[in-house]
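Here's the structure, in structure tokens; my notes come after.
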Amino acid sequence: MNRQRIIGLAGLLGLAVLILILPHSRFWFAALVCTLAPGYLLERWLDLELAPLVRPSLWIGLSLAVWPLGYVWLTTFGLAFSVGMITFIAFGLVGGVVWRIWREGEQPWVLPAPVPILGLTLLIVSFAISTRISHIRNVAFPPWVDSIHHATIMRVIAESGQVPYSLRPYLPVDNFGYHWGFHSTAATIYNLSGMSIPQFMLWYGQFLGVLIVISVGSATIGLTKSPIAGLAAATMTGFISIMPAYYLSWGRYTLLAGLAMVPVVLLLAWVAMDRSDRKGLILLTIAIGGLLPTHFVAAGFALLWCVAVWLGRDVWSEQRWRVLGNQAAAVGMAILLMSPWLALLISEIQPAGSGTPKQLVGGGYNTYEAAKGLYWTWNNLQIFLVSLLAAWVGLLKQWRLVLINSLWALLVMLFANPVVLGLPYLSFFNNNIVALAIFLPISLWFGFGVASLDQGLSQHLKVGVARGWRAIRTAILAITVLISASKMHNVINDGTIIAKADDLTALNWIVQRIPKNARFAINTEGWLYDVARGSDGGWWILPYAGLQVSTPPVVYNQGTFEYIDAVEAETGWLRNASDKPPSELAQWMRDHDYDYAYATIDGKIFNQAKLANTPEFELVYENASVAIYLRK
């Protein structure tokens, strides 16, 4: 056995031992295998001859893409992912990785990068992991509104093993066209993790938060051929920019997953079209195909990058029409790969003014004015000014990439604000999401500037001085990581925390003691327009315990008009019921067939003190901040 094989197998063995001693070892095993192994095997099979530090972006993006592709075609053929099948596939992937590393051992072993670069890489990944774990310490449930419907969709997939074309039995929503790519991969890992749904979502979301740091940095290395540039971009994404770490406060898991996949498209669109073979085209097709059902806007970002690359680089080459044809072929094949779901999605599109998320155009929520506060947060303003300076420096050695990135940002802004061309806003491509994703082009500009500065100084300095410069720049970036990471102890906005530890205890009691056909009335308040949200842990009863509640997850508005009207009539009454006495609350529950009330110490409608010792309600459970009452 040669040195390469010994190092590779020893590394795998060390990783296996680490997983076994870590808390939640089943989660770590499933997450690492499902989000890295498929892409690793694909990338090694269709070797694009990229530098070792460039490859992780491919492993991440392709792995997150193949699961949605697998789900859509198994569902199309009437099959499903069972827990047994997922377990078999996971261990098969491990076997494939071991076999591939054994094959790689036939080649002489060399360090993938200089030792200082490898050390800085390890520092960034370690701090990305530690900060993301610290962000969910003492958090019992994923915060805010989106987390509830993501948990519901994930539960549907985990139990059915198929694409969630229907949300039954939890919601009477059929022909469900919502993007479900994140949820399919999450459900796959969840089925192997041994965790509860809230706990899993917290950990998997933070795991994605680490993957996006690696993905951005790795792809930037591939674009610039500069490891220090990739590490700078990863530092911006991971520690300097508050986004995407702040997504935790809003439960923006689908956007996080989508943006973790975008860098592989950035890289492939840049390098794959120069190849005479079809390897890069195959990988680009898979990446775009899996990105489409993961997040609409993230897919739009990726496709607009392809346009920017062609306009900024390939339109001037003699091969411009071949390159454009290859890009069009990759997009076309990706659409074919997702055609069963896209056909349903297109069939559900409704005209403007229908008042549902299924309409294609319109909506005041999409405007620049509505998102202006997000665009110009203090953090965004700071990193934008830094990126402008970096872009100016980048023009010296990385001018084409700087201009293409600028063109990309311009196309994205134009697509989000078509009103400047006299066109209506698109309902699915809104300024809010663009403002949340602005860290991505900023990270690229930052990386391009660092690459240009590093390459320029390295070329013009004497050998000894250049070596000293490389040590200085590495130390500066390491210090930046340490300082920035130390300031990221907490990113959660306390105002977005809906459910807490006492809610988890109450929900576990519900799972054990309450009949499966029971229905709960819960505290409710307004969210967006006529759509209401739950205001405490009672809102988690549906995804956690599988029981119906008076305020369902907000994806109820993907249902029929009759169902939407019925839900909004009930939630509309509840939103104005804070002053109703227990007798009226009980009568309303009787009229609408609700058996139990989930009351909290701060509940504005169903309050522990209000319902206590009343003839209409019987206390069946109580802890420090939650009480459950049976309607008499």
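- Here Phe415 and Phe429 bring their ring centres to under 6.0 angstrom of each other.
- Between Trp310 and Trp321, the ring planes lie tilted relative to each other; the angle falls in the 30° to 60° range.
- Leu267 places a side-chain heavy atom less than 4.5 Å from the side chain of Leu50.
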Return a table of donor-acceptor pairs under 3.5 angstrom between the side chains of residues 110-129 and protein atoms on other chains or two or more places apart.
from, atom 1, to, atom 2, distance (Å)
Thr121, OG1, Ile117, O, 2.8
Ser126, OG, Leu122, O, 2.7

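- In this structure, His295 contributes its side chain and Leu291 its backbone to no donor-acceptor pair below 3.5 Å.
- A pairwise comparison of heavy atoms in Met201 and Ser147 identifies CE-O, 3.6 Å as the closest pair.
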Distance-only donor-acceptor hits, side chain of residues 222-235, under 3.5 Å, sequence neighbours excluded:
from, atom 1, to, atom 2, distance (Å)
Thr224, OG1, Thr220, O, 2.8
Thr224, OG1, Ser226, N, 3.2
Ser226, OG, Ala229, N, 3.3
Thr235, OG1, Leu231, O, 2.7

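- For the residue pair Gln455 and Gln398, a side-chain donor N or O sits within less than 3.5 Å of a side-chain acceptor on the partner.
- Summarising the geometry of Leu93 relative to Pro38, their closest heavy-atom pair is CD1-CG, 3.9 Å, with the distance given to 0.1 Å.
- The distance between the ring centers of Tyr246 and Trp250 falls below 6.0 angstrom.
- Of the possible donor and acceptor atoms, one in the side chain of Trp305 sits under 3.5 Å from a partner among the backbone N and O of Leu266.
- Within 6.0 Å of atom CE in Met85, more than 12 heavy atoms from other residues, nucleotides or ligands are found, so the atom counts as buried in its surroundings.
- Between Phe91 and Phe29, the two ring planes are tilted [angle within 30° to 60°].
- Not one N or O on the side chain of Ser452 forms a donor-acceptor pair closer than 3.5 Å with the backbone of Gly449.
- At least one donor-acceptor pair under 3.5 Å links the side chain of His135 to the backbone N or O of Met488.
- Trp408 places a side-chain N or O within donor-acceptor distance of the main-chain N or O of Phe301, the cut-off being under 3.5 Å.
- For Ser443 and Thr237, the side-chain atoms include at least one donor-acceptor pair closer than 3.5 Å.
- With sequence neighbours left out, Glu159 forms a salt bridge (Lys or Arg N to Asp or Glu O under 4.0 Å) with Arg155.
- The aromatic rings of Phe207 and Tyr204 sit parallel to each other, their planes meeting at less than 30°, with 60° as the upper class boundary.
- Between Asn191 and Phe81 there is no side-chain heavy-atom pair separated by less than 4.5 Å.
- Shortest non-hydrogen contact noted between Trp270 and Ile404 is CZ3-CD1, 3.4 Å.
- Checked by atom type and distance alone, the side chain of Asn405 pairs as donor or acceptor with a backbone atom of Pro441 at under 3.5 Å.
- Shortest non-hydrogen contact noted between Cys306 and Val265 is SG-CG1, 4.0 Å.
- Tyr71 and Thr185 form no side-chain donor-acceptor contact under 3.5 Å, judged by distance and modelled atom types alone.
- Taking the six-membered ring where tryptophan is involved, the planes of Tyr178 and His150 are tilted, since the angle between them lies from 30° to 60°.
- With Arg473 contributing its side chain and Asp454 its backbone, the two residues share no donor-acceptor pair below 3.5 Å.
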(request) Please lay out, stage by stage, how Val331 and Leu303 fare under the test side-chain contact (heavy atoms from CB on, under 4.5 Å). (result) CA-CA 8 Å; Val331 174; Leu303 295 178; 3.6 Å; yes

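- Summarising the geometry of Ala257 relative to Leu64, their closest heavy-atom pair is O-CD1, 4.2 Å, with the distance given to 0.1 Å.
- Between the side chain of Ser57 and the backbone N or O of Ser215, no donor-acceptor pair lies under 3.5 Å.
- Looking at Gln206, its side chain does come within 3.5 Å of a backbone N or O of Arg132 through a donor-acceptor pair.
- A donor-acceptor pair under 3.5 Å is absent between the side-chain atoms of Arg100 and the main chain of Leu41, judged by distance alone.
- Under the 6.0 Å distance and 45° angle rule, Arg44 does not count as a cation-pi partner of Trp59.
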